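Please read the structure below before turning to the comments.
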There are 2 protein chains.
Amino acid sequence: MLEVFRDYINSKTSITDAAFEVIKSLCIVKKLRKKQYLLQEGDTWKYHAFICKGCLRAYRIDDKGVEHTTKFAIENHWTGDRAALLSGEPASYNIDAIEDSVLLLITNENFITICKEVPAFNEMINTILNKSFVANENRIHAAISYSAEENYQNFLRNSPDIANRVPQHMIASYLGISPETLSRIRNQAAKRQS
Amino acid sequence: MLEVFRDYINSKTSITDAAFEVIKSLCIVKKLRKKQYLLQEGDTWKYHAFICKGCLRAYRIDDKGVEHTTKFAIENHWTGDRAALLSGEPASYNIDAIEDSVLLLITNENFITICKEVPAFNEMINTILNKSFVANENRIHAAISYSAEENYQNFLRNSPDIANRVPQHMIASYLGISPETLSRIRNQAAKRQS
DNA sequence: TGATGTTCTTGATAAATGTCAATTGTTTTT
DNA sequence: AAAAACAATTGACATTTATCAAGAACATCA
């Protein structure tokens, strides 16, 4: 599965074979069966996780026991609990596999080492961080600005690859609406089509 | 106003006087009167903006002409349109002053120079970026998980300094609810108190 | 192939929030 | 100080979304 990671890096920057060997040696391959947890609320979390194959979701559980999906991650995405990683505090997110998945884990310590040793990798990571920062800003804007239906249509438009792979009730949770509401939105949209 | 910036840096890290002189020489002092724009949708945006004094808001305008406030910024905060800065595309945000304000502007180019020249500054910026990344994740979680009232109470709890300074209808816009709804939420909360 | 659990849909109803319009209160400007 | 502009409140009503309950559709797996 390490070729997936190599291809990913190559698509974003250019590093030497030697540099990749270093990176490779610090990667832990982790396989997850569908429904298995990568991380549970309360755990400590020390990794950057790159997805070679599969699909995961990160979510929090509120006082009423309801799950709220904060993000999905598929091939060539990163996931983890950034807050917990940076602070050392117990995780507030749960992350589990929606499909059988293969990940690469890199401890934050090793990750920092790689960034120091391989400037191109560091650059790449900075760019990714910036992009996801902007993506988060856009998601905030969407959440406060648009109706449930608009948000759903935008999600379909922007993330068709994810929309096709994850169960509908998780999309509802991601959008902050009930599964019933999403079902009705789809139903009405379909009617309008015809 | 540069002492404010110096104090801010000192509170986060430690840099030499010489380093600060370099930084200082690259800062542009910008004064804004209340209601004046720092940035308008469509403008190009090249700066990192640090607020020495005052209060600003960033917002977008939807197709119906409604403003949606995405963030507030007061003393010792940074603001700007990160997406536009990184991409070079025209800004999609408007930023204006809620009070008479004094900012320091640093062009992205100079900013990068400073980060290279002054490692401690670079570290500081990284930490800030990470923290606001996490703050954004929390805001997303809040937006999809909690009711209007819960979000308002959390806002009061987490940002009393801002809540006291900005008009109520902007808080409503920040929370993604109508001004009337916020007024009613406050009213009901007040009744419950007594 | 059943049997089981999960997911999705649908209906009835309740609750939350938005919209429009009028009114009052508060700042700003002249 | 008066006028004008802006901000907040309130009421009546519409719309959106949530909740609860039931059943249908689908997937999983023993």
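Values below: all heavy atoms of this structure, side chains included; hydrogens, waters and symmetry mates excluded. Quick caveat, the model's predicted, so the values are computed rather than measured. Residue numbers begin at 1 in each chain, while the letters A, B, ... track the order of the sequences.
Ion pairing of Asp17(A) with Arg6(A) is present here, as a side-chain N (NZ or NE/NH1/NH2) and a carboxylate O approach within less than 4.0 Å. Residues Lys35(B) and Asp96(B) are not paired through a salt bridge, judged by the lack of any N-O separation under 4.0 Å between the basic side chain and the carboxylate.
Within the helix from dT1(C)-dA30(D) to dT30(C)-dA1(D), the inter-axis angle between the opening and closing five-pair segments is 50°, rounded to 10°.
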Nucleotide N/O of nucleotides 12-18 of chain C paired with protein N/O under 3.5 Å:
unit_1: dA12(C); atom_1: N6; unit_2: Arg184(A); atom_2: NH2; d: 3.3
unit_1: dT17(C); atom_1: OP1; unit_2: Ala148(B); atom_2: N; d: 3.1
unit_1: dG18(C); atom_1: OP2; unit_2: Ser178(B); atom_2: N; d: 3.0
unit_1: dG18(C); atom_1: OP2; unit_2: Ser178(B); atom_2: OG; d: 3.2
unit_1: dG18(C); atom_1: OP2; unit_2: Thr181(B); atom_2: OG1; d: 2.7

Enumerate the protein-to-nucleotides 24-26 of chain C contacts in which both atoms are nitrogen or oxygen and the separation is below 3.5 Å.
none

Protein N or O to nucleotides 28-30 of chain C N or O, pairs below 3.5 Å:
unit_1: dT28(C); atom_1: OP1; unit_2: Lys34(B); atom_2: NZ; d: 3.0

Find every protein N or O atom lying less than 3.5 Å from an N or O atom of nucleotides 3-7 of chain D, and list the pairs.
none

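Judged purely by atom type and a 3.5 angstrom limit, Gln153(B) has no side-chain atom pairing as donor or acceptor with the backbone of Asn151(B). At distances below 3.5 Å, at least one donor-acceptor pair connects side-chain atoms of Asn164(A) with backbone N or O atoms of Pro160(A). No donor-acceptor distance shorter than 3.5 angstrom exists from the side chain of Asn110(B) to the backbone of Ile106(B), with no hydrogens or angles considered. Checked by atom type and distance alone, the side chain of Ser101(B) pairs as donor or acceptor with a backbone atom of Cys55(B) at under 3.5 Å. At least one donor-acceptor pair under 3.5 Å links the side chain of Asp43(B) to the backbone N or O of Gln40(B). The backbone N or O of His141(A) lies less than 3.5 Å from no partner atom in the side chain of Thr70(B), so there is not a single donor-acceptor pair.
Take His48(B) and apply the ring-ring contact (aromatic ring centres under 6.0 Å, His included) test, not counting sequence neighbours, and it matches Phe111(B). Shown here are the ring-ring contact (aromatic ring centres under 6.0 Å, His included) partners of Phe133(A), two or more places apart in sequence or in another chain: there are none. Under the rule for a ring-ring contact (aromatic ring centres under 6.0 Å, His included), His68(A) has no partner lying at least two apart in sequence or in another chain.
Distance CH2/Trp78(A) to CD1/Ile125(A): 4.5 Å, rounded to 0.5 Å. The distance from atom CZ of Arg139(B) to atom CD of Glu137(A), rounded to the nearest 0.5 Å, is 9.5 Å. One distance of note links OG1 of Thr79(B) with OH of Tyr93(B); it measures 10.0 Å at 0.5 Å rounding.
A heavy atom lying under 4.0 Å from DNA chain C marks none of the residues of residues 154-164 of chain A.
Judged as a salt bridge (charged side-chain N to carboxylate O under 4.0 Å, His left out), the pairs with a partner in residues 155-172 of chain A (not counting sequence neighbours) are, in order, Glu75(A)-Arg165(A), Glu99(A)-Arg165(A). Legend: side chain to side chain donor-acceptor pair (under 3.5 Å) pairs involving residues 121-136 of chain A, not counting sequence neighbours, sorted by first then second residue: Asn130(A)-Arg82(B).
In this structure, the CZ atom of Arg186(A) is 14 Å from the C1' atom of dT10(C), given to the nearest Å. Residue Asn187(A) contributes atom CG, which lies 15 Å from atom P of dT16(D) at whole-angstrom precision. In this structure, Arg165(A) atom CZ and dT7(C) atom C1' are separated by 19 Å, rounded to whole Å. Going from atom CZ of Arg33(A) over to atom C1' of dT28(D) covers 14 Å, rounded to whole Å.
Leu182(B) belongs to a hydrophobic cluster with Phe72(B), Ile74(B), Ile98(B), Tyr152(B), Phe155(B), Leu156(B), Ile162(B), Val166(B), Met170(B), Ile171(B), Tyr174(B), Leu175(B), Ile177(B), Ile185(B), counting contacts under 4.5 Å between side-chain heavy atoms of Ile, Leu, Val, Met, Phe, Trp and Tyr, direct or through other members.
Checked by distance alone, Glu180(B) brings a side-chain donor or acceptor within 3.5 Å of a matching partner on the base of dC20(C).
Between Phe5(B) and Phe50(B), the angle of the ring planes lies from 30° to 60°, which puts this pair in the tilted group.
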